[in-house]
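Numbering starts at 1 and runs along the sequence shown. As the structure lists them, so they are numbered: ligands from 1, and atoms in each ligand from 1.
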Amino acid sequence: MDLLRSLPDTTLLTELDALEPFRHDESHLVGHVPLGVVRPRSAAALRELVRLAKAEGFGLVPRGAGTGKAGGCVPTARTVVVDFSAWPGDLNVSSQDLALTAPASALLRDVKAAAIAEGLFYPPDPNSWESCALGGTLATNAGGPNACKYGMTRHWVLSVDALLEDGGIHTFGISSVKSNAGPALGQLLIGSEGIFGLIVGATLRLTPLPREYATLLLPVARWEDLLDLPGRLCGAGYLPSAFEFFDPAVLAELRAHGPEEARRLPGEALAILEFDERGCTSEPFLEGLLDLLGPVADGLEIASDERQRKGIWAVRRMTSAFLKERHPKKVSEDIVVPRSRLREFFAGLDRLGFPSVSYGHLGDGNLHVNLLAAGETDPALLERQLMDLFRLATSLGGTLSGEHGIGLAKRDAFLALSDPAHIQTLRALKRAMDPAGIFNPGKVI
Ligand code: MLT
Ligand code: ZN
């Protein structure tokens with residue numbers, strides 16, 4: 001598209017070969033070939049881009065590092081991909097304000113490292129944390145294991161800078177946890193997957209860095225014994241910073257075909273629990289925990305040093321890629337139910353009767369239910385299976401996505417299963433904030 005050549009401070013890609021990688025993220029979806037990929041470097045570039053999009057009737061699809069799991073950055077028809085990887089800006093930590101300012105282009109690993117360098121902690125830790133861009137984590141409200149204690153990305157955002165439909169960049173929020181001058185519009189942008197405006201930067205909330213970790217491997221002989229534990233622990237005042245699990249099938253596959261560390265994993269099923277509060281490695285804390293766990297803790301192992309802790313997490317972190325490599329056409333979902341209803345969820349999943357394996361964030365009820373045979377399943381049947389899965393989660397007070405978002409992948413299911421008033425409200429907001437429909441068209445709603 002020749003008009004894009006007039007954009008100031010912008011790198012433009014138009015060659016077919018160069019556009020091809022931008023049709024994908026880490027979901028199974030393949031999008032349209034975009035009209036072009038732009039890498040803007042100034043507010044003037046974005047202003048002109050918005051003007052052109054409105055005048056020429058094309059859409060703008062924001063993209064960070066392309067590590068999303070729901071197709072949020074996969075191009076729909078007649079769109080230009082806005083790749084924020086060259087967006088300028090520095091990382092600045094204010095230890096007095098417990099705040100960190102960063103551009104959308106910053107990698108999450110650099111954001112986390114900048115906080116750590118000041119003895120501070122930015123908790124969001126999606127599985128892609130070493131390669132994803134901050135902007136993508138804000139647009140998708142990314143989660144991760146630490147959400148069990150610390151919540152999602154949105155809980156760590158003080159203010160957001162976003163490109164709106166007037167072509168300007170506007171800031172929502174201030175550098176303080178206390179800010180109550182009207183509804184929090186910035187929160188509307190977090191997790192909106194770019195349908196209301198495009199996030200170019202943010203000020204994030206930090207907290208003191210934990211100084212102590214107790215990382216526990218909890219193997220069990222009967223995997224159902226894990227299901228009440230998240231609720232029981234929380235009910236008794238033990239809130240893990242992470243509580244992950246592998247069901248027997250995932251564990252068996254990891255043990256048989258995974259890396260060296262995975263081959264030594266114990267149990268029929270396995271949970272990884274981590275605590276990070278002061279005193280969590282002390283005897284009274286661990287004894288209290290053992291008392292609470294009772295006989296289920298018989299095989300409990302405690303990571304003895306940082307090397308062992310890292311080894312355990314390395315296995316957990318590679319599980320998604322490992323399963324994908326072995327089952328390239330699998331479908332991985334990320335439903336969520338309240339932690340108190342995990343047992344009912346798995347009983348319901350059993351009743352549904354289709355083959356699936358599960359692992360993930362048991363502690364906060366966010367489960368990666370994987371349909372490994374999706375590639376060999378009739379597409380109409382697969383769709384029914386997925387809808388049944390989503391309905392089950394919804395019927396238990398949960399929802400169809402705990403952390404990956406809706407994007408393109410879950411749009412139809414989201415529209416079918418949501419309260420119509422919810423969708424109407426979102427669409428009214430979309431019309432108000434994006435009357436020309438230029439921002440990430442065809443996504444979410
Ligand atoms: C994970 O927690 O491993 C990812 O969010 C799951 C996935 O890749 O499906
Ligand atoms: Zn996950």
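Judged by distance alone, the side chains of Glu274 and Thr215 do bring a donor and an acceptor atom under 3.5 Å apart. A donor-acceptor pair shorter than 3.5 Å can be found between the side chains of Ser332 and Asn370. No hydrogens or angles considered: a donor-acceptor pair under 3.5 Å links the side chains of Glu244 and His361. In the model, Ser159 has no side-chain atom that pairs as donor or acceptor with a side-chain atom of Thr171 under 3.5 Å. Looking only at atom types and distance, the side chain of Asn141 has no donor-acceptor partner in the side chain of Thr153 under 3.5 Å away.
Looking from atom 7 (C) of ligand 1 to the surrounding protein, the closest heavy atom is Ser320 OG, 3.3 Å. For atom 2 (O) of ligand 1, the closest non-hydrogen atom of the protein is Arg316 NH2, 2.8 Å. Here the heavy atom of the protein found nearest to atom 4 (C) of ligand 1 is His368 NE2, 3.5 Å. For atom 9 (O) of ligand 1, the closest heavy atom belonging to the protein is Ser332 OG, 2.9 Å.
Not one N or O on the side chain of Tyr122 forms a donor-acceptor pair closer than 3.5 Å with the backbone of Arg205. At least one donor-acceptor pair under 3.5 Å links the side chain of His155 to the backbone N or O of Met152. A distance-only check finds no donor-acceptor pair linking the side chain of Glu26 to the backbone of Gly66 [under 3.5 Å].
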Practice problem: Check step by step if side-chain contact (heavy atoms from CB on, under 4.5 Å) holds for Ile406 and Leu400. | Solution: CA-CA 9 Å; Ile406 301 300; Leu400 72 175; 4.1 Å; yes
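Interface atoms of ligand 1 facing Lys69, defined by a heavy-atom separation under 4.0 Å, are 7 (C), 8 (O). Within ligand 1, counting atoms from 1 as listed, the ones closer than 4.0 Å to a heavy atom of Glu403 are 2 (O), 5 (O).
The aromatic rings of Tyr359 and His368 sit tilted, their planes meeting at an angle between 30° and 60°.
The shell of residues lying under 4.0 angstrom from ligand 1, judged by heavy atoms, excludes Lys324. Residue contact check for ligand 1: Arg317 places no non-hydrogen atom closer than 4.0 Å to it. Using a 4.0 Å cutoff on heavy atoms, His361 counts as a contact of ligand 1.
Using a 4.0 Å cut-off between heavy atoms, His404 contacts ligand 1 through its side chain alone, with no backbone atom that close.
Within the coordination shell of the Zn ion (ligand 2), defined by N, O or S atoms under 2.8 Å, His404 is absent. For residue Asp334, no N/O/S atom approaches the Zn ion (ligand 2) to within less than 2.8 Å.
The N, O or S atom of Glu403 lying closest to the Zn ion (ligand 2) is OE2. The nearest N/O/S atom of His368 to the Zn ion (ligand 2) is NE2. Looking at His361, its N, O or S atom nearest to the Zn ion (ligand 2) turns out to be NE2.
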